[in-house]
Amino acid sequence: MRVVSAIPDLRRARAAEGRPIELVPTLGALHAGHVSLLERGRAAGGVLWMTLFLNPLQFGANEDLATYPRPLERDLELAEKAGVELVFTPTVDDLYPPAFASYVEPTGAATRWEGESRPGHFRGVATVVAILFRLCQPRRAYLGEKDYQQLQVIRQLVRDLYLDVEIVPCPTIREPDGLAYSSRNAYLAGPARRSATVLYRALQAARRDYQAGERRGDRLVARMTETVAAEPGATLDYAAVVDPASLEPLHEVEGAARLLIAAHVAGVHLIDNMAVSE
Ligand code: AMP
């Protein structure tokens with residue numbers, strides 16, 4: 001496995017690579033969710049590349065950039081074990097040199113939910129993803145449904161800017177108690193770790209209501225809200241029932257829909273989501 005940091009080296013590696021590239025972009029601090037994306041990419045037949053870049057542009061001033069876990073050695077071991085042939089891990093100064101002045105500003109699916117909770121977040125995501133896709137020129141990129149809004153924002157970006165890459169959505173991988181794997185789970189211990197399962201419990205409760213025939217968006221939202229309110233360790237940021245592509249709230253669920261939820265547990269911002277459909 002090659003670890004490439006300098007951009008000229010990455011460009012040379014890209015020019016020399018004859019096989020199509022299967023790309024998994026990450027912030028690092030790999031867990032079973034990332035590994036599932038890598039396995040999916042590995043099985044696809046091209047050459048598996050991963051980017052490992054803790055992108056400061058997608059973190060707000062009051063967020064956890066400084067404390068975000070950075071277990072580089074372990075990440076590289078996991079990547080190698082999963083069959084990654086090249087890891088691109090640029091420095092912040094290389095990717096955003098002093099003269100850097102161009103940003104991608106997504107609207108549409110980026111506007112609500114995480115877009116409101118974390119102003120500037122999706123601008124940072126869209127900008128770095130556009131740069132990484134341009135540099136790596138992958139045939140496919142593997143993205144987790146765990147970050148469902150991010151997935152839709154990147155699909156929108158690829159569509160609108162005619163980026164020549166196929167986006168492959170991958171299912172959310174969960175701990176045995178339902179908590180979705182996240183690098184931020186490392187911040188949770190003891191009671192907070194137990195409280196964190198409330199996101200999954202709220203989604204399941206709303207999905208059960210849906211399966212029992214409930215189609216009113218506000219009733220499904222109320223079920224999620226009540227479930228989080230009953231968990232003393234958690235504070236709801238938002239709960240929503242949305243169109244799966246536009247992420248606009250649904251008054252009535254008629255076709256496919258997505259349940260979105262975000263909450264703070266012990267000061268940690270956690271998100272989750274689930275599909276509901278006929
Ligand atoms: P991150 O390093 O948090 O930016 O995540 C990198 C990729 O892994 C993104 O496409 C995420 O959606 C995906 N991912 C994160 N957590 C999970 C999970 N629990 N299951 C599946 N994919 C995930």
Side-chain angles (χ1 to χ4, degrees), residues 22-44 48-60 63-65 67-72 74-76 78-79 82 84 87-90 95 109-110 113-114 118 121-133 136 138 140-158 165-188 193 196-197 199-200 203 244 247 258 260-262 268-275:
E22 317 286 348
L23 186 70
V24 177
T26 79
L27 301 177
L30 302 190
H31 51 64
H34 297 109
V35 171
S36 76
L37 270 48
L38 293 172
E39 285 170 351
R40 189 78 184 271
R42 174 79 194 282
L48 182 60
W49 283 19
M50 182 178 96
T51 61
L52 193 169
F53 180 61
L54 190 56
N55 176 33
L57 215 55
Q58 69 188 71
F59 286 77
E63 294 182 2
D64 56 343
L65 177 64
T67 52
Y68 202 86
R70 301 172 195 227
L72 181 63
R74 184 173 173 275
D75 284 350
L76 295 179
L78 284 171
V84 174
V87 177
F88 178 42
T89 178
L95 216 60
W113 320 124
E114 289 303 283
R118 307 180 65 190
H121 171 64
F122 286 123
R123 177 186 199 243
V125 169
T127 301
V128 80
V129 165
I131 296 168
L132 294 173
F133 283 0
C136 298
R140 300 194 188 97
Y142 298 82
L143 301 174
E145 289 183 344
K146 155 73 171 44
D147 299 283
Y148 189 80
Q149 188 174 10
Q150 170 173 281
L151 168 67
Q152 292 313 121
V153 169
I154 294 173
R155 280 178 157 154
Q156 196 177 259
L157 171 79
V158 164
V165 50
E166 181 192 337
I167 299 300
V168 182
C170 302
T172 302
I173 307 298
R174 300 177 180 282
E175 304 246 22
D177 63 5
L179 178 65
Y181 279 100
S182 162
S183 305
R184 293 195 166 93
N185 294 352
Y187 303 139
L188 303 170
R193 172 62 188 77
T197 60
L199 283 85
Y200 183 63
L203 292 167
L247 301 193
R258 204 89 194 175
L260 303 180
I261 192 163
V268 183
H269 179 68
L270 298 174
I271 58 172
D272 203 345
N273 68 89
M274 196 176 274

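In listed order, ligands and their atoms are each counted from 1.
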For ligand 1, does [X] get within less than 4.0 Å through its side chain, its backbone, both, or neither, judged by non-hydrogen atoms?
X: Pro25; result: backbone
X: Ser183; result: neither
X: His31; result: side chain
X: Val24; result: neither

Between Tyr68 and Phe59, does a side-chain contact (heavy atoms from CB on, under 4.5 Å) hold up when you go through it step by step?
CA-CA 10 Å; Tyr68 202 86; Phe59 286 77; 3.9 Å; yes

Below 4.0 angstrom from a heavy atom of [X], which ligand 1 atoms are there? Numbered from 1 as shown, please.
X: Thr172; result: 20 (N), 21 (C)
X: Pro171; result: 20 (N), 21 (C)
X: Asp147; result: 11 (C), 12 (O), 15 (C)

Below 3.5 Å, N or O to N or O, backbone or side chain included: is there any such pair between Tyr181 and ligand 1?
yes

Before signing off on this row, confirm whether Ala180 and ligand 1 have an N or O atom pair separated by under 3.5 Å.
no

Looking only at protein heavy atoms, identify the closest one to [atom] and say how far it is in Å.
atom: atom 5 (O) of ligand 1; result: His34 NE2, 3.3 Å
atom: atom 10 (O) of ligand 1; result: Gly144 N, 2.9 Å
atom: atom 4 (O) of ligand 1; result: Leu27 CG, 3.3 Å

Could I get the full list of side-chain contact (heavy atoms from CB on, under 4.5 Å) partners for Arg42, not counting sequence neighbours?
Leu48

Set of residues satisfying side-chain contact (heavy atoms from CB on, under 4.5 Å) with respect to Ala109, sequence neighbours excluded
Gln152, Val153, Gln156, Leu247

Could you tell me whether Glu145 and Arg258 have a side-chain N and a carboxylate O separated by less than 4.0 Å?
yes

Could you tell me how the ring of Tyr181 sits relative to the ring of His31: parallel (under 30°), tilted (30 to 60°) or perpendicular (over 60°)?
parallel

